[in-house]
Structure formats: C-alpha cells, structure tokens
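In what follows, a single structure is set out as structure tokens and then discussed.
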Amino acid sequence: MRICHECHEHLGPLSDLPASPPACNITCPMGRVNADCDACMCEDATLHGKVSLEDGSPAADARVYLQAKKLKLLTTADDRGMFRIPGICPDGKNTLKIKKAKYEGKSNEMAFSPFAGKPYVFRSPEDKARRVGQSVSLCCDALGSPAPDRYLWYHNGSLLDPSLYKYKNNLILKNLNRHHSGEYFCKASSAGGSAKSQPAKLDVIGRQEAACDSQPQSHLIRLPHDCFQKATNTFYYDVGKCPAKTCAGKLDKGLRCKDNVAYCCGVSRMETRDISCDGYTLPTKVVVECGCKKCTETKITVRGRATAADNGEPLRFGHIYMGNKRVSMTGYKGTFSVHVPADTERLVLTFVDRLQKFVNTTKVLPFKENGGAVFHEIKLLRKKPPVTLESTETNVISLGEMEEDDPIAELEIPPNAFYRKNGEAYRGKVKASVTFLDPRNVSTAPVTQSDLNFVDEEGDVFPLRTYGMFSVDFTDEKGTESLNAEEVKVHLDAAQVKMPEHLQEMKLWSLNPETGLWEEEGDFNLEKSRRRKREERTFLVGNMEIKERRLFNLDVPESRRCYVKVRAYRSERFLQSEQIQGVVVSIINTEPEPGFSSNPRAWGRFDSVVTGPNGACVPAFCDEQNPQAYAAYILASMGGEELEAVASAPKLNPNAVGVPQPYLNKLNYRRTDHEDSNTKKTAFSINMAKPSPNSPEENNGPIYAYENLKECEEAPYSAPHFRFYRIEGDRYDYNTVPFSEDDLMSWTDDYLAWWPKPMEFRACYIKVKINGPQEVNIRSRNMGGTHPRTIGKLYGIRDVRSIRNSEQRDVSAACLEFKCSGMLFDQDRVDRTLVKVVPQGSCRRESVNSMLHEYLVNHLPMATNNDTSEYTMLAPLDPLGHNYGIYTVTDQDPRIAKEIALGRCFDGSSDGTSRTMKSDVGVGLTFTCSERSAAEQSIFESQRNSGQQSILVLPGESPAYRRQPASRRIPQSRIPMRGQRPSGY
C-alpha cells in the first residue's frame, strides 16, 4: 500500500497558538500539545492525503492512525482513497500508519511522516523578447510538501502588487511598453518556507525597431601557416559573428509559458571573400548582416567517468538517477552519458552502486546551456565495512579519518533506538556502516556530495562550509532490511572548529537527493564532557533521527562570498579569439594553517562551473579583513584532460597571469609546482582576499564581491582574470564557413558548412603511415565532389603532424581528419566529399589499404590519382572501420565525436582507444618521405619561428597581455589526450 501526501493548509500565524500545558513534558516546535499529551497539534493546519494499493487503485476505507504511545485512529479514507486530517502539524515529528482490511499484518503497512519541506522551483520563467503593444506570459512552477500555495512576482527586484496584476504562478503582462523591460523572477511559498526562481530577462523594443543589431561583431579566425596577411600583419582574419541572443520574432496565437518557436539573432547574409595565400587563394564566408531567425536546435549532454576516489576502481554498471527516475547506467569502465532535458536549470544526478561498494553519490553537474557535451570526473567514496552493534546497548561511532588526529565528531546511539520502517521496534544485532568524509584530508574534496548549498527562509540560495559529511547505513543482522534510528546524538569536538564565529552557527543538515540541496535537521548546543576518561572538553551536541535520508553534513552557513574570474585558452598566447568554452573550472576552498598559506588545515567547499563565451565566474569564500582567512585551489579540465595554469616561478609575470600588481601579490598566486618542479602544473592557489571598496585597482577583477556577479560575468577581456591553457598539438583546422565547436549556436545553415547538422556531428579520420626519418606535416583538402551546389568548392582544410614510433626510428603516423560524405544541411541529397591527402616535402605514395581501395572501386565515381605525391578519393558514404584505415564516429557534440574517433585511430581499432600512436595497425595510406634539407622547415616549425607571428597584436587585444608563442613540442612517441583522444583538438 502506498500513500502520497499532497498539501498542507495553514490558515494563521503559529505564534497565536496557546503554549504547551505546564504539566506535560512534551515540547512542541509548532502548535501545542494535545489533550492526551502524546502529540502536537496545529489547529490551523490540515493534512490532505491519498492512499493507494500496490497496483495504483484507491485504498478505499483504509484507516489512518497516528503512531503515538498507542495507535490512535484519526480518520478513514473515502472511496477514492482520499483523506483529510485537521490539526496535524507539518513538523516532521508525526508518523502516520495506514491499515486496511485483508492487508493488516502484511508488509503493506507502512509509516508516513508529514514533512514540512521547503518548496523547490523546477521551472523558472524564460527569457523573452516582445514589441511595444504585445503581450507576454511568464511562468514559474514549484514543488514542495506541503505544496506551495503562494507566488509573488518581482520586476527588477521590486514586488509587483498581487491585487493589481492578479497573478498566481504565471504573470501576464498586456499592452507592453519599454518600461516593462528588465528582469523578472517569482517566489514560491508554503508553510515549509520559500524558494526563488532564476531571473528571466524581458526585452521590449519599438514596433518598427530592428529585432537585432544588423552589424556583425568582430570574430577573428586563424589562417593557415602559409596565409600571413601583410595588410594586418597577422595570421588572423575577421569573419564576423552574430550573438545568439533572444529576439522578437513571429508570435503564435495565445499566451504560452514557452513560445512555440524560439527566435535568436543569427546570420542573415554572408559573402564569400578570397584570401591571398602563398601560391593559392583561400575562400572564406564572412558575415555581413545579422537578423532575427529561428534559434539553432541543439542537444545538451553530460558525459564522464565514475571511479573510486581511493584507487580509481570504476563504478561498473551503476544506476544513474535524476530525481526518482533512472536515466542511465555507467559502463564497464565507469563511463556514462546523460541527455539533459530541455528547460533543466539544475542537473542533479545520483550515482547508485548496485553492489553497494560505494556510497550513493549525488552531484550537481554544470552543463553547456547552448548545447554540446561537458565531461565530468565523478569520484566516489568507498563504503566502510559494516560493524555489528547491539541494539539494546549504547553505541558510539567515531567520525574521523585522520590517524594522528582526534575524530571530528562521534555518533551516540542510545539503547533500543532502532526500529523498522513500519514503526515496529527492532531488537537484535545491527549491521552499521558509517562512512565519513573528513575535510582535514584535502584530497577528498572532489568527493563532496552535491554543491553545498541551501535555501534560506527568504528563498535565496546560500553556500555552506562543511566540517564533515557522513553516510549512514543500518540494517538487520542478515543485511536484508534497512533500519531507522531515533534520538541519535552527534557530539562535535569544538576544538576542531578553528573559526570561533562558526561555533554559534553550526547546524546539522541532510541532503535532499531530488533537489541536491541541503536541508536543516537541527541545531547544536555547547556542552562540557569528560568523554572516554579524557580531559574535560567542549562539544557541540545535536540530536537527529535517521529515517529516509541517510546522508548528513556538519555545516555552517557562510555569508563571506566572492566570485573568481577565470578564462581558458587554446595556447599560451592567451588571445581573446582563442578562448575555450566547455571547460570545467573547479575550486577547493581551504582554511590555511596560520602563517602557512600553502599548507591548508582543511577544505571547506568544492564548486565547479563551466566556461562560456566570456569565461567563468567561480563562487568562493573570501574575507575582507583577513586576506589569509580563506585560500582556494583552482583547477580546470576538459574532456578529462587537465589544463595548465600560468607559472609562478622562477619569476612571476603579472602579464601572463592576467592580474596586475600590487593586487597579485596580495592574492599570493602560486602554481602547484611553485616549490617543487616535479609537481603537476595544472592548478594554482590564491588567498581569497575580498576586494576593498576603497582600492580602485581591486574593483576590476579578478575577485568580485558576491553582489557584483553581473559585473564579473560581463567583464571585458581586458579586465584582470586568471588563466588556464591547453598544450595544443601540431594540428590546424580551417572551415570555409566559420564555426566554433565550443558554441553549437554558432552553426550556420550553409551548403559549405563542415558539419551539416547541428544536432548530429560525424567525425571521419584516415590513418596515414609515413616511412622516413622525420615527422611530416600532412594536409587534407576537402571539396564538394558530387553535389551540384558544392562541387569543386572548398569545405575546409586540416593539417596534422605525424608522430614518430618510439620503437621504429624511421616510421611515424598521423590521424588526419577529413569531411565525411553525406547529406548537406538541406537534407535533400548527398555529397561525396572530394578529399585530397597531401604530405609535405618529398613524399611518394607507397600503398593504399586494399579493402579501402576495393570499396572505392565498387562505389563509383572513382577519383583520379595520377600524382604519386598525394592521394585523392571521393570519401566513402559508409562508416567504415579500422580494417579500411577509416575511423568514423557520430555524436551530439563535435568534440566528443573527434575524441572517440581519434582514440580509435591511435589504437588502430574500431572499439578500443589509445594514448599512444600505433603506427603499424589500422593504416589507410602509406607514404615514403625522404629527409628534408637543413634549409627546409615543417610548416608548423615555420609558423612557430615566424618573427611576424611572435609580435602580432590582434584588433581588440590588450597590449598589456601580449605574449610570444610557445615553442612546445608534443612527445614523439605519445601525444596528450583529453579522455580518449590526443590533445590537439
């Protein structure tokens, strides 16, 4: 039998209720004690509920009891299984028991606790654009127990009069004017509290006003190595772009929460320009006009790998839940992929190990709102082996993982505290597994559950600073039935709380796995105790009951908050045009040892944010009075590959770090290898010094006060910020129709687009083997082959440098991308891409994979191959495999498709992956190349060594951050990879 609790009515202030009778020992946090002195009652509150049988049919005439000293019959369900109980308090203290004839004495009986949970907004209003005189509907929906019964709407922070606007959870504005423009949000309230939605922006323009700025913004693309532009003294060309913001398009009839068709500013007209290069002309499409058009449809995905924090053991075939719904599973290696539903604001996933080796882990994962995939490493905490407890005795369980230190806290379970889920007392042996996440071990920070946030009484989200999390699992002796426990005490050692102000603020919290938010379980009181014959010590003591929720947190709300501005780049040049989106930037807030900022005493919070077109603003704790009160470690990764931070030793370069002096010294920037050059270079630490309002040089970044989030998000590129960069391999991509693989909304519906569909990206590679003493650059030139609209026209070019085989001195190989054959954007007819593979230097085609050659012969037309220094083919339509030397992968994100295809190509297989180039397996083409003369350079070397390149300054770039290009080389036998592929993409 199932029971669902629908809503509570609360008709008046609880403060008006009479106090508890003096003769009764029960204390009521809400309402007053009833006449029998066995429960609390709230005269102005009513519980509504419904009872169903296992098959979903109504449990007519089911009896509803209050679990007290004796079962007390409260009411009987009607023919629909519905019931109504006046006077029961929504305080989480009452337990109902349901009985029905022919079901009594069976496992169908269950206890149910009405819980006054806070509302949770699951749908916020959407950004919309309208013209003067039109109407708009903004909607907001929230869940809760009891259900939210009041909605308030705010415009630019000011409350809209409910009596004037007549709104509920939807706000309708008619005959719009310009003054209606701005930000709107709703606030949902119930007896359990309040919650605010995310703000939505409403843009109201004139009736005849252009919906978008027709003038494109500047957007620079990098040209090939042999296309240096003397007119601008750079290797870059401005092709323009249109920002994909919401615009006022055609409206359908009726007012809807979500417009049937979404309109965005996009490309309305492009022109072809010819760029003069060394010995040839390169065509490119340039944006000349922007307009309002249907938004590009994209898919949002999160991918990743779930592994043990201690030894990297994968979570094999684990279940992944979104709320109560199972949405995916992990694979044999712990990998997973989850589609993010439209309108998702907060992605909360719970990873459940079916073998129960790991603690159930709830994570709030950031994602790319404009479409595409983000890769997350999920670290899991291994469950502690169970110990056996006697239920009739007092049991004490230590919470602490540092061998040389005292435990942070202890759980004290009194005798006879365990009971079954149906409310029946349990007597016997108990198997107890209590797993503690100790913040004194900084390496455990990535294991943090959720994102350590809670919602306050006003509905605002606030951060928590943790002093430890623990997962509790109680079962009967056989391990088959979960048990609850009441009147459990938590003794927190006050000596472990180094910030005195935190002693008064400490609370006990439990995690709501559906929302990913922490909810308050109770307060702590100071007590002195001589526990275990030790000296007298002070403890914070709190009470808890362990029921449905099994994950708890010892936390302090922290109001000292800031944001850190971080950007990620494709190289050490740190050019504005080479910023990367989709990078996961993580921050670990630490509490340093006094006088030793590089030696943290403990961590307090872990957060992650994904970079967008203007970088990322990462939340962190900070302090204005004491710059060393909080420190932070910041790291970045993309596809599983860690990006590199800017060096701090042997000499700190403010221009490279991106932050001017003297603020940089105050922040005490240190890369992780500052004192030990053998340490990884993939993170940096800073003191979280809140910017002083009296210091102008501190109010322009990279640290922003919490209330200045908008300034942080909209900060210009020239404003101070911290930087990460990727060590790019010897690779180059050029698309005739410009497209950023980081921003799927930049896709343009053009016949010459490299990727013809914005929701399906197909990556194709061919493995080329080079016999010769040197590494060789190889280019693919991709043109229309059979489609009448594109035949003979350039789609793009790809350059890649071969990687030497460590075991064979005179052999190297490369995985070269080419444009796949298939339908173009109009999905009308296919095009067989004409692909020309050209190695640099004195090379001769040695052989073509026999199966590939046979396929091309049997699938006419056949390209002519009279020149033995190159190879030309009409690319296959079919997704051939490693036996042909071809590697094809389709995915909803272009970078993921490339990652997987490259990993397979390196491995020379259709289902494996490798970080090391295997030059003798899965080869499609073989060339023999003679050694170049000393005067010759590879085209990548010429680009590196070009004096013109080293002094370039792009339009809009800040001279203060001018950088010379690095002369890094990828190791010859291995190439770094992001997850499953080389790092060049």
Side-chain angles (χ1 to χ4, degrees), residues 157 185 194-196 198-199 346 364 366 439 445 448-467 497-502 504-507 509 516-520 553-566 585-592 597 600 602-610 615-635 659 663 666-668 685-695 698-715 719-722:
F185 70 87
S194 299
K196 292 179 180 177
Q198 293 295 318
R346 182 178 167 87
V364 180
T448 308
Q449 297 262 7
S450 182
D451 57 358
L452 287 175
N453 285 325
F454 77 102
V455 177
D456 71 357
E457 294 300 323
E458 292 299 315
D460 293 305
V461 176
F462 273 84
L464 293 168
R465 190 269 195 229
T466 186
Y467 280 88
V497 183
K498 305 300 182 181
M499 295 186 176
E501 64 271 21
H502 285 177
Q504 302 299 324
E505 301 293 330
M506 189 71 65
K507 295 179 184 294
W509 307 78
L517 294 167
W518 293 89
E519 297 178 359
E520 186 177 336
N553 205 346
L554 310 170
D555 274 23
V556 173
E558 180 59 273
S559 59
R560 295 174 292 180
R561 300 179 289 169
C562 290
Y563 287 98
V564 184
K565 185 71 174 190
V566 179
V585 181
S586 299
I587 187 167
I588 304 172
N589 261 121
T590 61
E591 183 183 315
S597 58
W603 62 269
R605 184 177 174 83
F606 180 87
D607 258 303
S608 294
V609 178
V610 172
C617 294
V618 192
F621 296 145
C622 59
D623 194 284
E624 184 176 359
Q625 303 299 323
N626 180 10
Q628 296 185 359
Y630 276 118
Y633 278 95
I634 301 177
L635 56 158
V659 180
Y663 196 20
K666 182 178 179 179
L667 298 176
N668 195 32
S685 64
I686 55 173
N687 289 336
M688 286 304 303
K690 185 176 181 180
S692 171
N694 300 321
S695 179
E698 296 183 11
N699 288 290
N700 193 32
I703 312 295
Y704 292 82
Y706 189 78
E707 58 272 16
N708 295 334
L709 173 60
K710 187 173 182 179
E711 285 84 345
C712 179
E713 291 178 334
E714 298 177 356
H721 58 274
F722 292 109

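Between Cys617 and Val609, the closest side-chain pair of non-hydrogen atoms is not below 4.5 Å. With a 4.5 Å cut-off on side-chain heavy atoms, Leu452 and Trp518 count as touching. At a threshold of 4.5 Å between non-hydrogen side-chain atoms, the residues Pro691 and Tyr663 count as touching.
When atom types are taken as modelled, the side chain of Lys565 and the backbone of Cys712 share a donor-acceptor pair closer than 3.5 angstrom. Distance alone, capped at 3.5 Å, places no donor-acceptor pair between the Arg560 side chain and the Tyr630 backbone. Asn699 places a side-chain N or O within donor-acceptor distance of the main-chain N or O of Ser692, the cut-off being under 3.5 Å. Between the side chain of Arg605 and the backbone N or O of Phe621 there is no donor-acceptor pair closer than 3.5 Å.
Between Val564 and Ala620, the shortest heavy-atom distance links the atoms CG2-CB, 4.3 Å. Ser608 approaches Ser586 most closely through the heavy-atom pair OG-OG, 2.8 Å. A pairwise comparison of heavy atoms in Asn589 and Ala632 identifies ND2-CB, 4.3 Å as the closest pair. Scanning all heavy atoms of the two residues, the minimum distance from Pro702 to His721 falls at CB-CA, 3.8 Å. Heavy-atom minimum distance, Gly157 versus Phe185: CA-CE2, 4.5 Å. Across all non-hydrogen atoms, the minimal contact from Val610 to Ala616 is O-CB, 4.1 Å.
Residue Gln504 places its CD atom among 12 or fewer non-hydrogen atoms of other residues, nucleotides or ligands, all under 6.0 Å distant. Dense packing is recorded around CD of Glu707, with more than 12 heavy atoms of other residues, nucleotides or ligands lying under 6.0 Å away.
Note that the CD1 atom of Ile587 and the OH atom of Tyr633 stand 12.5 Å from one another [nearest 0.5 Å]. Rounding to the nearest 0.5 Å gives a distance of 6.5 Å between CG of Asn668 and OG of Ser685. Annotation: the span from Ile686 atom CD1 to Thr590 atom OG1 amounts to 10.0 Å, rounded to 0.5 Å. For the atom pair Leu464 CG and Glu520 CD, the distance stands at 10.0 Å (nearest 0.5 Å). Note that the CH2 atom of Trp603 and the CZ atom of Arg465 stand 9.0 Å from one another [nearest 0.5 Å]. Taken to the nearest 0.5 Å, the CD1 atom of Ile703 stands 10.5 Å off from the NZ atom of Lys666.
For Asp456, the salt bridge (Lys or Arg N to Asp or Glu O under 4.0 Å) test picks out no residue, with sequence neighbours left out.
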- Task: Carefully, step by step, assess Phe722 and Val659 under the rule side-chain contact (heavy atoms from CB on, under 4.5 Å).
- Result: CA-CA 7 Å; Phe722 292 109; Val659 180; 3.8 Å; yes
- Message: Working note: Gln449 + Asn553, criterion side-chain contact (heavy atoms from CB on, under 4.5 Å); need CA distance, chi angles, decisive distance, verdict.
- Response: CA-CA 10 Å; Gln449 297 262 7; Asn553 205 346; over 6 Å; no
- Item | Test side-chain contact (heavy atoms from CB on, under 4.5 Å) applied to Val618 and Ile634, step by step | CA-CA 9 Å; Val618 192; Ile634 301 177; 5.6 Å; no
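Because its NZ or CZ atom is not both nearer than 6.0 Å to the ring centre of Tyr563 and within 45° of the ring axis, Arg561 does not count as a cation-pi partner of that residue.
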